[in-house]
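Okay, structure first, notes after.
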There are 2 protein chains.
Amino acid sequence: MARIDIGRVFYALGDPTRRAIVDRLSAAPSSVSRLAAPLEITVTAVAQHLAVLEECGLVKTEKVGRVRTCRIESAGFDALQGWIAEHRTMWERRLDALGDIVDEE
Amino acid sequence: MARIDIGRVFYALGDPTRRAIVDRLSAAPSSVSRLAAPLEITVTAVAQHLAVLEECGLVKTEKVGRVRTCRIESAGFDALQGWIAEHRTMWERRLDALGDIVDEE
DNA sequence: TCGATTGTCAAGTCACCACTTCACTATTTT
DNA sequence: AAAATAGTGAAGTGGTGACTTGACAATCGA
């Protein structure tokens, strides 16, 4: 299991087309051209997006015959959730520590 | 409470400098120029990043006198967590539904 | 084996965004 | 009042990334 670059995950999900792909794959696995159909872009463009999503552990693909089947992968989501949890506790602990005192230098 | 565009949140966090800002603000509130110091960019650039972070509910700022104080805001994080939870349940429910049967047309 | 389907590779185009500079305003300190 | 501090606004530049096209490879159905 390769370590995941959280920056790439955010970057990947920053693009609306890639989020649309993730949406569809969350509902059901799909081939590349089936993903391309509703989005109005070329199959090539979709393949490029898939490479980005795969690189950061959000999607896993497998080619059988001439069809590449794409599925959601949890690793990227796990990394995301971890990042949020980390930051949340970081600042919530701070808020707990001092009632509402301001911080110095 | 304005509704948050999850796309903007991902976009905002896709940039390493903005993540660095969020990191620092998670630890403690800060002024604009204090944020700029360790990052090797101009105060102007930092202000631009802050505008992005503020727009999507990750940061809240308040100007008192000539100093603008920046703090973490939870709205953006809440939206993030919601998005992840949504997608996670979407595909996990699917996995539960059918043992390991493939899906048709 | 021929044609259609599914995807890949390489290269190019165009818009956008992170950053800069420079001029400026407002507040605080001496 | 003068000088220093903190930030804002407008405009420009360069690099990156989302897309395209066109040529190709491999697999599948007739």
Side-chain angles (χ1 to χ4, degrees), chain A residues 5-25 28-71 73 76 102-105, chain B residues 5-25 28-56 58-71 76 102-105:
Chain A
D5 179 356
I6 190 69
R8 291 303 287 178
V9 177
F10 282 123
Y11 160 74
L13 292 173
D15 180 79
T17 304
R18 280 193 290 264
R19 277 200 310 284
I21 291 176
V22 167
D23 283 356
R24 296 225 19 227
L25 293 182
S30 172
S31 71
V32 177
S33 47
R34 198 115 66 80
L35 281 173
L39 313 169
E40 296 192 332
I41 55 178
T42 50
V43 175
T44 303
V46 172
Q48 287 165 356
H49 284 306
L50 285 168
V52 172
L53 291 169
E54 195 162 13
E55 181 217 6
C56 65
L58 287 166
V59 162
K60 186 178 45 174
T61 78
E62 183 196 13
K63 191 164 185 180
V64 169
R66 62 184 170 180
V67 176
R68 176 173 296 276
T69 302
C70 313
R71 308 170 183 283
E73 202 190 358
V102 200
D103 52 331
E104 23 62 77
E105 169 55 29
Chain B
D5 179 355
I6 189 69
R8 293 301 290 178
V9 177
F10 282 123
Y11 160 73
L13 292 173
D15 180 80
T17 304
R18 281 192 290 264
R19 276 201 310 285
I21 291 175
V22 168
D23 283 355
R24 294 227 19 227
L25 293 182
S30 172
S31 71
V32 177
S33 47
R34 198 114 67 81
L35 281 174
L39 313 169
E40 297 193 333
I41 55 179
T42 50
V43 176
T44 304
V46 172
Q48 287 166 356
H49 283 307
L50 285 168
V52 172
L53 291 168
E54 195 161 15
E55 182 216 6
C56 66
L58 287 166
V59 163
K60 186 177 43 173
T61 77
E62 184 197 11
K63 191 163 183 177
V64 170
R66 62 183 170 182
V67 176
R68 178 173 295 276
T69 302
C70 315
R71 308 170 182 282
V102 201
D103 51 331
E104 23 61 77
E105 169 56 26

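Reminder, nothing fancy here: chain letters follow the sequence lines and each chain counts from 1.
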For this session: Figure out the CG/P separation between L53(A) and dA18(D), and round it to whole Å.
Result: 10 Å

Problem set entry | Rounded distance in Å - CG (L13(A)) to P (dA18(D)) | 12 Å

Exercise. Are any non-hydrogen side-chain atoms of H49(B) and L35(B) less than 4.5 angstrom apart?
Worked result: no

For this session: Nearest 0.5 Å please: distance from the CD atom of E73(A) over to the SG atom of C56(A).
Result: 9.5 Å

Seminar exercise, completed: Quick note, V43(B) side chain, CB onward, closest among dT21(D), dT6(C), dT8(D) is dT8(D)

Seminar exercise, completed: Interatomic distance, CG@L39(B) vs CD1@I21(B), rounded to 0.5 Å, equals 6.0 Å

For this session: State whether Y11(B) places a side-chain N or O below 4.0 Å from either non-bridging phosphate oxygen (OP1 or OP2) of dC16(C).
Result: no

For this session: Indicate, yes or no, whether a donor-acceptor pair under 3.5 Å links the base of dT27(D) to the side chain of R66(A).
Result: yes

Exercise. Listed by chain and number, what are the side chain to side chain donor-acceptor pair (under 3.5 Å) partners of R8(A), not counting sequence neighbours?
Worked result: E55(A)

For this session: Give the rounded distance in Å between these two atoms: NE2 of H49(B) and P of dT8(D).
Result: 14 Å

For this session: Without swapping roles, check the side chain of R24(A) against the backbone of R34(A) for a donor-acceptor pair under 3.5 Å.
Result: yes

Exercise. Taking OP1 and OP2 of dT6(C), is either one under 4.0 Å from a side-chain nitrogen or oxygen of R34(A)?
Worked result: no

Exercise. Under the 3.5 angstrom rule, does the side chain of R18(A) hit a backbone N or O of A12(A) as a donor-acceptor pair?
Worked result: yes

Exercise. How would you list all residue pairs meeting salt bridge (charged side-chain N to carboxylate O under 4.0 Å, His left out) that involve residues 37-50 of chain B, not counting sequence neighbours?
Worked result: none

Exercise. Would one find a side-chain N or O of T42(A) under 4.0 angstrom from OP1 or OP2 of dT20(D)?
Worked result: yes

Exercise. So do L25(B) and S30(B) actually touch side chain to side chain, heavy atoms under 4.5 Å?
Worked result: yes

For this session: Figure out the CZ/C1' separation between R68(B) and dT8(D), and round it to whole Å.
Result: 9 Å

For this session: Compare all side-chain heavy atoms of V52(B) with those of Y11(B) and state whether any distance is below 4.5 angstrom.
Result: yes

Seminar exercise, completed: Among dT6(C), dA10(D), dG7(D), the one nearest any side-chain atom of T44(B) is dA10(D)

For this session: Ignoring the backbone of A47(B), work out which of dA6(D), dT8(D), dG7(C) is nearest its side chain.
Result: dT8(D)

For this session: Just call it for S33(A): base, sugar-phosphate, or nothing, with non-hydrogen atoms closer than 4.0 Å on any strand.
Result: sugar-phosphate

Exercise. For F10(B) and dG17(D), what is the distance between atoms CZ and C1' respectively, to the nearest whole Å?
Worked result: 19 Å

Problem set entry | DNA chain C contacts among residues 14-24 of chain B, heavy-atom distance under 4.0 Å | D15(B), T17(B), R18(B)

Problem set entry | From dG17(D), dA6(D), dT6(C), nucleotide with atom closest to V67(B) side chain | dA6(D)

Exercise. So do the side chains of V32(A) and C70(A) get within less than 4.5 Å of each other, counting heavy atoms only?
Worked result: yes

Problem set entry | Validation row: T69(A), V64(A) side chains within 4.5 angstrom (heavy atoms) | no

Exercise. Quick one: L50(B) CG to dC17(C) C1', roughly how many Å, whole number?
Worked result: 16 Å

Exercise. If an axis is fit to five pairs at each end of the helix from dT1(C)-dA30(D) to dT30(C)-dA1(D), what is the angle between the two, to the nearest 10°?
Worked result: 30°

Problem set entry | Contacts of R19(A) that satisfy salt bridge (Lys or Arg N to Asp or Glu O under 4.0 Å) - sequence neighbours left out | none

Exercise. Quick one: the side chain of Q48(B) and the base of dT8(D), do they pair up donor-acceptor inside 3.5 Å?
Worked result: no

Exercise. Looking at residues 56-65 of chain A, who's got a heavy atom less than 4.0 Å off DNA chain C?
Worked result: K63(A)

